Amino acid sequence: MYVKTTARKTKSGTVRYLHLAHNEWDPVAGRSVPKILYGFGRADQLDRDAVKRLVGSLSRLLDPAEALAATAGSELVFCESRPWGGTFVLDALWQRLGIDTVLRGIHAGPGGKPRRGRPRDTATTERVLFALVANRALAPSSKLAAADWINHDVHIDGLPDTSDNACYRAMDWLHDVREQLEAGVFRQVANLLNLEVDLLFFDTTSTYFELDDPDEAVTRDEHGHPLPTHDGKDGKDGMENSVGFRAYGKSKDSRDDLPQIVIGMAVTRDGIPVRVWCWPGNTNDSALIRQVKDDMRDWTLSKIVWVADRGFSSQRNRRYLRQGDHAYIIGEKLRSDSPEIKAALSRQGRYTEIAENMRIKEVKVSETERFVICHNPDAAQRDAHIRAQLLAQLDELITGSDKLPAMKRGELRGRISTKPGLNRYLRVTPGGLLRVDKAKIKTEANLDGKYLLRCSDPHLPAADIARGYKQLLEVERGWRDMKQIIDLRPVYHRLEERIRAHIVLCWLALLLIRIVETTTSQTWHHVRRHLDRLHAGTFTGPTGVFRQRTELSKPQQDLLARLDIPAPKQIIELATASR
C-alpha cells in the first residue's frame, strides 16, 4: 500500500492528485496493476490535518518505535543517549510540590510593585532554575559547567539547551524573588506532605571561601542585608553594622583563617528543610534565632516548639522564643556556673527508661522552665573509655616530672595546656608539681553519657522533650548532605546576590532529596545510582527527531511506585522536520 500521484494537464498548468493505492495481480495482463482505494484530492489542496489523523490512527496498530522506524525507513540514525531518570523524578516532585507554579506566578515585588529589570519569560526561567537545582542534586558543578551539563550530558524536559548567561540571569531573578518563593514553597509543601511543624529544628553552619581578603564592608540592616545607597554614596558610613558579606568569624569548619558566611536552616521533625538563611561571616549565633522566629511568624503558623542546641541558650534568646504561643527545647552546657544548672544536676531522683539506650529524669527549678537530664548508657561507656585513655596519656607525660627543674616543668605544663582533653584533668600543686586531678575525674564521671535540656512548655511530656531534641540530628544530617552530596562548597561566585541565590538552590535540592529519602526509605546515593541508568536515546530520520527511553528495570519500577510517580512514556519527544 502506498501513495500514488497522478497528473492532469489543464489550461492553468499541471494539476497533481494524490491517491491511496495498492497493487493487485492481473492474471489477464500477467502483471501487477494499481488499484485506487481512496482519493486525497489535489496535492495543492491536501487536508494535512486529516492525513495526520489517519497516520495517528494507523500508528496505534504498531509499537511507537516500529511506527517511527517504518516512516523513517533505513535512514533512522541513533545520535546519542543521555541520563534521564534523575531529572525525570526530580522534575515530577518539583511539579507535584508546585514549585514550578510558584515561580511562574511571581510577577510583582513586595507590595505588588513591578519588579525591576526587563520583563522575563518566567516559564523559561523556571526551567533553568529547575535545571540548576537538578545539577546540585545529580552532578554538582559551577554554573558554567552546569550549562554544559544541561546542553550535553543530561535530558531535561522543556529545556533542550541553555547558556551560562541564562543561568546567571535566572539566579539574579531568584535572589530578587526568594522571599516570595520561600513562603510559596512552604505553603505548597506543608499542604501536600501534611507536615508537622509543631517542632521546628534550627541550627547554623558556616562555609568558607578561598580568598586573600574579606569583602569590603557595607552598611547592613538588622537582618544582614545590604542597605540601598543614596545620593551616590557607597553605603559605607562607619556604623557598627558595616561589614562585608564574606568576613572572618568563628568557623565551624576549623578555617578561622579564611573569610566565611553563616548559614541557618529550619527543619521539621521529618527532616524536611522548610527555609534557609544567610548572614555575614562574623554574625553571632545567639542573635540569629530571634530573626528566624520573626521570619517564621509571618507565615501564620500555629504553636511552634523551637529546638536548638546550646549555642542559642542565652537568656535573651529564651525570653524572645517564649513570646506569643511558642515554646522551646534548648540544650544546655553541663559544665556551667549557672545556679539553675547546678541545682538541676544535683537534684536526686530516679531515671525513667524511654528507649533501649535512653533514660531521663525531669527536674523543675522554676514555674516557667523545666530541665530534663538525659542519660545514654552506651555513651557513658564511651566517655569513660575515652577518659581512661586521656588519663593514661597524661600520667605518662607527668611521670618523673617532679625531678625536672621548675622551668622544664613549666614548659611541660604549657604543652599540656594546649591540649584541652588532657589539661582538664591536670592539677598543679602550690609547689608547682604536676598531678592528676582526682576530684575533677569524679566530677566528670558523674557527667558521663548525659546531656541537659531546658524546656519552657509546661505540658510537653519529658519523653517527648528528649525525643524532640534527639531529632536535632536531622539538621546536622542536612548540613552533612548539603556539604558532601550537594557540594555547597566551593562556591564559584563573587557577588553577594549570587552567593545567596546559590544557597537557595542548594536548599531546594536538599528539599527534593529529603522527600525522596523519606518516601522510599533509601539513601539518595542508592536512589540516584538506579535512576542514572534510565536514559533517553535520540534518533533522527527524514521525518524529524524523536527521543525514546530505555526499558525500566525492576529497581526503577519499584522506586517510581514508592514515589507514586507514573512510569514515563516510551516516546519522550517527537519533533517533525521543518519544511
Side-chain angles (χ1 to χ4, degrees), residues 203 250-257 285 309-311 313 330-363 365 371-454 466 469-470 472-473 476 480:
D203 197 10
K250 180 59 179 176
S251 173
K252 298 188 178 183
D253 299 303
S254 300
R255 293 305 305 264
D256 293 346
D257 58 321
D285 273 1
D309 66 12
R310 57 192 183 186
S313 61
I330 295 182
E332 284 286 358
K333 297 179 180 180
L334 290 174
R335 302 170 184 87
S336 172
D337 295 329
S338 169
E340 290 180 326
I341 294 178
K342 290 182 177 180
L345 292 175
S346 62
R347 189 75 58 88
Q348 298 296 319
R350 292 179 177 272
Y351 282 95
T352 302
E353 188 168 342
I354 63 172
E356 183 179 354
N357 61 344
M358 178 65 66
R359 302 188 304 158
I360 62 171
K361 179 174 65 175
E362 181 177 356
V363 178
V365 297
F371 285 95
V372 176
I373 303 173
C374 303
H375 179 257
N376 185 330
D378 294 338
Q381 293 181 3
R382 289 195 298 269
D383 292 343
H385 179 68
I386 293 173
R387 184 172 56 256
Q389 291 180 319
L390 292 174
L391 291 174
Q393 185 178 355
L394 177 62
D395 187 65
E396 182 180 355
L397 288 174
I398 66 176
T399 297
S401 62
D402 293 355
K403 300 179 181 180
L404 296 176
M407 181 177 295
K408 292 295 183 179
R409 283 201 305 271
E411 292 177 356
L412 178 58
R413 179 186 177 185
R415 290 198 302 272
I416 295 176
S417 66
T418 62
K419 303 176 181 179
L422 299 180
N423 191 57
R424 178 182 300 171
Y425 302 104
L426 180 65
R427 180 176 65 89
V428 182
T429 67
L433 301 179
L434 306 181
R435 295 289 185 267
V436 175
D437 193 338
K438 296 182 179 180
K440 188 67 174 179
I441 295 175
K442 183 178 180 181
T443 301
E444 289 294 317
N446 290 331
L447 301 179
D448 285 351
K450 295 179 181 178
Y451 57 91
L452 182 64
L453 307 179
R454 183 195 293 258
Y469 185 80
K470 194 172 183 180
L472 189 61
L473 294 174
E476 297 177 1
R480 185 182 67 247

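Since the structure is predicted, the reported quantities are computational estimates derived from the model, not experimental observations.
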Practice task
For Tyr425 and Ile441, work out which heavy atoms get closest and say how close.
Solution key: CD2-CG1, 3.8 Å
Problem - Which atom of Arg409 lies closest to which atom of Gly432, heavy atoms considered - result: NE-O, 3.2 Å
Exercise for the section: Report the distance from atom CZ of Arg347 to atom CZ of Phe371, rounding to the nearest 0.5 Å. Expected result: 10.0 Å
Problem - Leu422 CG to Glu396 CD distance, which is reported to the nearest 0.5 Å - result: 11.0 Å
Practice task
Please tell me if the side chains of Tyr469 and Asp309 come closer than 4.5 Å, counting only heavy atoms from C-beta onward.
Solution key: yes
Practice task
Show your working on side chain to side chain contact (heavy atoms under 4.5 Å, CB included) between Leu426 and Asp437 and close with a plain yes or no.
Solution key: CA-CA 5 Å; Leu426 180 65; Asp437 193 338; over 6 Å; no
Exercise for the section: Kindly write out the residues that satisfy side chain to side chain contact (heavy atoms under 4.5 Å, CB included) with Lys408, not counting sequence neighbours, or none if the list is empty. Expected result: Leu404, Pro405, Glu411
Practice task
Could you pull out the closest heavy-atom pair between Ser401 and Leu412, with the gap in Å?
Solution key: CB-CD2, 4.0 Å
Problem - Approximate separation, where rounding is to 0.5 Å, of Asp378 CG and Asp383 CG - result: 11.0 Å
Completion exercise
Sorted by chain and residue number, the side chain to side chain contact (heavy atoms under 4.5 Å, CB included) partners of Thr429 (sequence neighbours excluded) come out as Arg427, Leu433, Arg435
Handout entry: Separation of Thr399 OG1 from Leu434 CG (nearest 0.5 Å)
Key = 10.5 Å
Handout entry: Closest non-hydrogen atom pair between Met358 and Cys374, with its separation
Key = SD-CB, 3.7 Å
Exercise for the section: Take Ile341 and Lys333 through the side chain to side chain contact (heavy atoms under 4.5 Å, CB included) test and state the conclusion after the steps. Expected result: CA-CA 8 Å; Ile341 294 178; Lys333 297 179 180 180; 5.5 Å; no
Practice task
Just do the side chain to side chain contact (heavy atoms under 4.5 Å, CB included) check on Leu453 and Ile360 with the steps written out, would you?
Solution key: CA-CA 10 Å; Leu453 307 179; Ile360 62 171; over 6 Å; no
Completion exercise
Looking only at heavy atoms, the pair that brings Thr418 and Pro420 closest together is O-CD, 3.4 Å
Practice task
Taking the side chain as every heavy atom from C-beta outward, state whether Glu340 and Arg454 have any pair of such atoms under 4.5 Å apart.
Solution key: yes
Problem - Gap between atom OG1 of Thr352 and atom NE2 of His375 - 0.5 Å precision - result: 13.5 Å
Exercise for the section: Work out which heavy atom in Ala466 is nearest to a heavy atom in Ile354; give both atom names and the distance. Expected result: CB-CD1, 4.0 Å
Handout entry: Separation of Leu390 CG from Arg424 CZ (nearest 0.5 Å)
Key = 8.5 Å
Fill in the blank from the handout: From the list Arg387, Gln381, Arg382, side-chain hydrogen bond (donor to acceptor under 3.5 Å, both in side chains) partner of Asp448 resolves to Arg387
Practice task
Let me know which of Leu334, Ile330, Val372 forms a side-chain contact (heavy atoms from CB on, under 4.5 Å) with Leu452.
Solution key: Leu334
Problem - Contact check, side chains of Leu447 and Leu345, non-hydrogen atoms, under 4.5 Å - result: yes
Exercise for the section: Taking atom CZ of Arg359 as the centre, report whether more than 12 heavy atoms of other residues, nucleotides or ligands fall under 6.0 Å from it. Expected result: yes
Handout entry: Asn446 atom CG: more than 12 heavy-atom contacts under 6.0 Å
Key = yes
Problem - Check: Gly449 main-chain N/O paired with Asn376 side-chain donor or acceptor under 3.5 Å - result: no
